[in-house]
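Counting begins at 1 with the first residue of the sequence.
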Amino acid sequence: MIPISGVAPGSLAERAGFAGGDRIARVNGEPVGDLIDFQVASSEPRLLFEVEREGELYEVEVERRDGESLGFDFEEMRLRRCNNKCVFCFLHQMPGGMRRSLYFEDDDYRLSFLHGSYVTLTNVKEHDLKRIVDQGLTPQYISVHATDPALRQRLLGRKAGTVPILERIEFLARSGIEMHTQIVLCPGWNDGDHLERTLRDLEGFYPSVRSAALVPVGLTKYRQHLPELRTVTPATAEVYLAVADRWGERCARDLGERFVYPGDELFLMVGRLPPPAAYYDAFPQIENGIGMVRTFLDRWDRGRTDLPNDLDRPLHLALVTGRLASRFLTPMVDGIDTGGLRADVVVVDNDFFGTGITVSGLLTGRDILRAVRGGPWDLVVLPPNTVNGEGMTLDDMTVPRIEADAGIPVTVGEYDLAETLLRCIDRENVAHGRGRQLSELGFYVGRNR
């Protein structure tokens, strides 16, 4: 059964008499256990619901117009916990004392389908694989890391083995499921010959395996009692980019797509901007954040012409960011030619997790405060990925609290610089904002120097 948390006012669900607390057991005779079951079963215009209310079962029949929303709000799915202890897992590198939800390690193929979350497929059974196929839960996003079974077992930190990943990929490929894969690159572990083997094995399943992402490992200062790992340096990043270029050029020639896509961080680490949009083909790894910087830059090129030539009154902004993003954000801001608008890029070093963590999505409220408190700005703009959908930073600070402690108005920006600036210029419509984590939008948040 799937519990209903509420129904939208005036919706079909409300008109049919549904209410929060009801539990849907079946739709058109099909059992419903979670949101995906419900979506699959309720695709027809005529629906017969079997509903439990206060221990009694009822039947409710509805008919909806084409495209009409039913108007249900459901309780969150109970997620599957990861059964691995990956040597590079970021959650194992976090300090104690943060909110409990940040320590939950999910590894759920349903989230892979719904939100593009990456899964290892180590905790799926035969009936799970059959469900993926029967319900057409495609695409799936798979964390491979290595195709050599022994090496993958070491990377996943498993004492007991699991079904070789290539067997599961082969089954899904045979069954018409599209897959996108990622490799978290750990220097000295799964690069070199191991990386070549992994890419070769995955390419063999193209086009069912549509892409492979190369993502650099990220290390915090809280790695006590964990396996020894080396950070990705600019020199190592150059090597990884060379591998991606070699594979990408050959695959583009032979397959029509590059297939291998390096993370945006790798380009920035070596002082290069990501390539033009054509490099990313259909952006198959945008759910992984790969191509996000290029998209951000291209949106700016299109949107900057919408900025006014002059402002009625001066406006001084602080654009908060991590050290990595400053490499492309600073030149963008330097090119603003709107009279009366001054924007400073405020780079925040990550003292909380360690200065090796340079992405904005892992900045905490306390580090942001340290950088902006008492500053000369009219308005401080936070990156949207520093604040989750509930308006909280990673260390549980709200935007109003940051504003009060900083002594400066604070807002949350968009993933579009021109749109953000226009909203700030229109001062009457500047709200605190709630932001979104990239992971909530289906994007992987890179965690590296």
Side-chain angles (χ1 to χ4, degrees), residues 84-95 98 102 105 118 120 143-146 151-152 154-157 182-196 198-199 212-245 260-274 285 288-290 292-293 321-329 347-364 367 383 385-386 394 438-439 443-449:
N84 306 307
K85 294 198 177 295
C86 297
V87 298
F88 48 79
C89 179
F90 193 78
L91 297 189
H92 299 165
Q93 304 179 67
M94 285 178 25
M98 303 175 74
L102 294 176
E105 301 172 60
Y118 275 81
T120 63
S143 287
V144 173
H145 310 313
L151 175 57
R152 188 168 195 259
R154 287 180 58 214
L155 286 164
L156 298 184
Q182 77 166 356
I183 302 161
V184 174
L185 293 167
C186 302
W189 285 66
N190 61 342
D191 50 6
D193 291 342
H194 285 296
L195 178 57
E196 297 291 333
T198 299
L199 293 175
L214 306 184
V215 181
V217 68
L219 308 177
T220 78
K221 63 183 181 182
Y222 301 100
R223 284 198 59 83
Q224 293 82 358
H225 312 297
L226 294 175
E228 184 177 350
L229 293 177
R230 302 200 311 266
T231 189
V232 175
T233 65
T236 315
E238 288 281 14
V239 173
Y240 295 155
L241 288 172
V243 172
D245 285 344
V260 178
Y261 302 91
D264 292 0
E265 307 97 320
L266 292 172
F267 290 105
L268 297 176
M269 289 170 66
V270 301
R272 292 160 53 188
L273 290 179
Q285 287 281 348
N288 204 0
I290 293 178
M292 282 289 291
V293 172
T321 190
R323 189 155 295 280
L324 196 67
S326 69
R327 301 177 187 181
F328 63 86
L329 186 58
V347 180
V348 180
D349 285 319
N350 200 321
D351 286 346
F352 186 85
F353 286 113
T355 55
I357 303 298
T358 59
V359 294
S360 59
L362 290 171
L363 292 176
T364 58
D367 283 339
N385 56 346
T386 59
L394 285 172
L438 281 175
S439 56
F443 297 121
Y444 173 81
V445 180
R447 306 175 177 101
N448 66 282
R449 186 177 180 85

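The shortest heavy-atom contact between Val270 and Ala237 is CG1-CB, 3.7 Å. A pairwise comparison of heavy atoms in Gly361 and Leu394 identifies O-CD1, 3.9 Å as the closest pair. In terms of heavy atoms, Leu151 sits closest to Ala146 at CD2-CB, 3.7 Å. Shortest non-hydrogen contact noted between Pro262 and Ile290 is O-CG2, 3.4 Å. In plain terms, the two heavy atoms of Ser360 and Gly322 that are nearest each other are CB-N, 3.7 Å.
Residues Leu241 and Arg272 are in side-chain contact: their nearest non-hydrogen atoms beyond the backbone lie under 4.5 Å apart. Counting heavy atoms from C-beta on, the side chains of Pro216 and Leu266 come closer than 4.5 Å. The shortest distance between side-chain heavy atoms of Asp349 and Arg323 falls below 4.5 Å. For the pair Met269/Leu324, a side-chain contact is recorded, criterion being any heavy-atom separation below 4.5 Å from C-beta on. Contact check for Leu195 versus Leu199: side-chain heavy atoms found under the 4.5 Å cut-off.
Applying the side-chain contact (heavy atoms from CB on, under 4.5 Å) test to Glu196 and every residue at least two apart in sequence or in another chain returns Arg200, Val243, Arg246, Trp247. With sequence neighbours excluded, the residues that form a ring pair (Phe, Tyr, Trp, His ring centres under 6.0 Å) with Phe328 are Phe296. In this structure, the side-chain contact (heavy atoms from CB on, under 4.5 Å) partners of Asn350, at least two apart in sequence or on a different chain, are Phe352, Phe353, Ile357, Leu362, Leu363, Asp367. The ring pair (Phe, Tyr, Trp, His ring centres under 6.0 Å) test applied to Phe88 returns His145, not counting sequence neighbours. Residues forming a side-chain contact (heavy atoms from CB on, under 4.5 Å) with Val239 (at least two apart in sequence, or on another chain): none. Remark: Arg223 pairs with Gln93, Leu219, Leu226, Pro227, Leu229 by the side-chain contact (heavy atoms from CB on, under 4.5 Å) rule, at least two apart or across chains. Judged as a side chain to side chain donor-acceptor pair (under 3.5 Å), and not counting sequence neighbours, Asp245 has no contacts. For the side chain to side chain donor-acceptor pair (under 3.5 Å) test, no residue two or more places apart in sequence or in another chain qualifies with His194. For Arg154, there are no salt bridge (Lys or Arg N to Asp or Glu O under 4.0 Å) partners two or more places apart in sequence or in a different chain. Checked against side chain to side chain donor-acceptor pair (under 3.5 Å), Thr120 has the following partners two or more places apart in sequence or in another chain: Asn84, Asp107, Thr122. Thr198 meets the side chain to side chain donor-acceptor pair (under 3.5 Å) test with no other residue; sequence neighbours excluded.
Atom CG in Asn385 sits 8.0 Å away from atom CE in Met292 (nearest 0.5 Å). In this structure, the separation between CG on Leu185 and OH on Tyr240 is 5.0 Å, given to the nearest 0.5 Å. Remark: Lys85 NZ to Leu91 CG distance equals 10.5 Å, nearest 0.5 Å. How far OH of Tyr118 is from CD of Gln182: 5.5 Å, rounded to the nearest 0.5 Å. In this structure, the separation between CG on Asn288 and CG on Asp264 is 9.5 Å, given to the nearest 0.5 Å.
Between the side chain of Arg152 and the backbone N or O of Val144 there is at least one donor-acceptor pair closer than 3.5 Å. Without hydrogens or angle criteria, Lys221 side chain to Thr355 main chain gives no donor-acceptor distance under 3.5 Å.
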Audit row: Trp189, Val217, side-chain contact (heavy atoms from CB on, under 4.5 Å) steps and yes/no: CA-CA 11 Å; Trp189 285 66; Val217 68; over 6 Å; no
